[in-house]
Amino acid sequence: MTLRFPLRGPRLDLRPFTADDAAPAHRVYGDPEVMRFVGDGGPASPERTAQMLADYAAHQARHGFAFWAVIERASGELIGDAGLEVTDQGIELGYTLARGRWGRGLATEAGRLCVEAADGPLGLRRLVGLADLANPASAVVLARLGFADDGIVDAYGRPHWRVVRER
């Protein structure tokens, strides 16, 4: 159940966040447009961003997986997160990318790296995904990754499509 980092895709690397990632992560998490479909739907404060990174590290230590930093190899920039988290919905796949990186297939690439880790070294048999009903682009990413419709649920105070991927 041990992953070797970075997880490498054609354009992206995924790796655990570090404390040095707080400022670049906040450029993503502090953007209201990026965060409108994430969590409670509002931008994070710098303090909340730092707490999120600490929570990811604790989750990684506890479970062997978490949300990881998404690094664009061409620029070397941290452009968001992608990963797996234990939630009340199950083991949930999620991703958040900087607005300037939308529409390039990067969420699908990052999600695929997470699914490959789940299927391979992590040995996870079932993943869930949630997409805010107002964010059909996220539902398209999950469908590309092999997730199937499992109805609509209330999550994070809003209705979401719930999708499941089992192997």
| Would you say the ring centroid of Phe5 lies under 6.0 angstrom from that of Trp68? | yes
| query | Could you walk me through whether Asp150 and Val163 pass the side-chain contact (heavy atoms from CB on, under 4.5 Å) check? | reply | CA-CA 5 Å; Asp150 193 41; Val163 294; 5.7 Å; no
| query | Are His59 and Phe67 close enough that their ring centres sit under 6.0 Å apart? | reply | no
| field | Side-chain heavy-atom pair Arg101, Glu77 within 4.5 angstrom cut-off | value | yes
| query | After noting the C-alpha distance and the side-chain angles of Val70 and Leu97, does the key distance pass the side-chain contact (heavy atoms from CB on, under 4.5 Å) rule? | reply | CA-CA 8 Å; Val70 175; Leu97 294 180; 4.2 Å; yes
| said: For the CG atom of Leu127 and the CG atom of Leu145, what is their distance to the nearest 0.5 Å? | reply: 10.0 Å
| task | Would you kindly confirm whether Tyr56 and Val86 end up in one hydrophobic cluster when ILVMFWY residues are joined by side chain heavy atoms under 4.5 Å apart? | result | yes
| Which pair of non-hydrogen atoms, one from Ala134 and one from Asp132, has the smallest distance, and what is that distance? | N-OD1, 2.8 Å
| remark: Hits for side chain to side chain donor-acceptor pair (under 3.5 Å) against Arg73, two or more places apart or cross-chain, chain-then-number order -> Asp13
| message | Within this structure, what is the CD1-CZ distance for the pair Ile91 and Arg125, rounded to the nearest 0.5 Å? | response | 12.0 Å
| query | For the atom pair CG (Asn135) and CZ (Phe37), what is the distance rounded to the nearest 0.5 Å? | reply | 4.5 Å
| task | Could you pull out all residues at least two apart from Tyr29 that satisfy ring pair (Phe, Tyr, Trp, His ring centres under 6.0 Å)? | result | none
| field | Distance-minimising heavy-atom pair for Ala25 and Phe17 | value | CB-CE2, 4.2 Å
| said: Looking at every non-hydrogen atom in both residues, tell me the closest pair between Asp154 and Pro159 and how far apart they are. | reply: OD1-N, 3.9 Å
| task | Any chance you could measure Ile79, atom CD1, to Trp102, atom CH2, to the nearest 0.5 Å? | result | 12.5 Å
Can you list, pair by pair, the side-chain donor-acceptor contacts under 3.5 Å of residues 108-124, counting residues two or more places apart and other chains?
unit_1 : atom_1 : unit_2 : atom_2 : d
Glu109 : OE1    : Arg11  : NE     : 2.9
Glu109 : OE1    : Arg11  : NH2    : 3.2
Glu109 : OE2    : Arg11  : N      : 2.7
Glu109 : OE2    : Leu12  : N      : 2.9
Asp119 : OD1    : Arg165 : NH1    : 3.0
Asp119 : OD2    : Arg165 : NH1    : 3.1
Asp119 : OD2    : Arg165 : NH2    : 3.0

| said: If the condition is side chain to side chain donor-acceptor pair (under 3.5 Å), which residues does Arg104 pass it with, not counting sequence neighbours? | reply: none
| query | Under 3.5 Å, side chain of Tyr95 to main-chain N/O of Gly80, donor-acceptor pair present? | reply | no
| From CA spacing to verdict: side-chain contact (heavy atoms from CB on, under 4.5 Å), Val38, Tyr156 | CA-CA 8 Å; Val38 178; Tyr156 310 104; over 6 Å; no
| query | Quick one: does His160's side chain have a donor or acceptor within less than 3.5 Å of a partner on Arg158's backbone? | reply | yes
| said: If we ignore hydrogens and angles and just use 3.5 Å, is the side chain of Gln60 paired with the main-chain N or O of Gly64 as donor and acceptor? | reply: yes
| query | Just how far is it from atom CZ of Arg8 to atom CG of Leu14, taken to the nearest 0.5 Å? | reply | 11.0 Å
| Non-hydrogen atoms of Leu142 and Ala131 that approach each other most closely | CD1-CB, 4.2 Å
| said: Is there a path of hydrophobic side-chain contacts, each under 4.5 Å between heavy atoms of I/L/V/M/F/W/Y residues, joining Trp161 to Leu130? | reply: no
| message | Within this structure, what is the CG-CD1 distance for the pair Leu78 and Ile71, rounded to the nearest 0.5 Å? | response | 4.0 Å
| said: Suppose the criterion is side-chain hydrogen bond (donor to acceptor under 3.5 Å, both in side chains): which pairs have a residue in residues 38-50, not counting sequence neighbours? | reply: His26-Thr49, Ser45-Glu47
| said: On a heavy-atom basis, which atom in Val28 and which in Met35 lie closest, and how many Å separate them? | reply: O-CG, 4.1 Å
| query | Among all residues two or more places apart in sequence or in another chain, which pass the side chain to side chain contact (heavy atoms under 4.5 Å, CB included) test with Val128? | reply | Gln89, Glu92, Arg126, Arg162, Val164
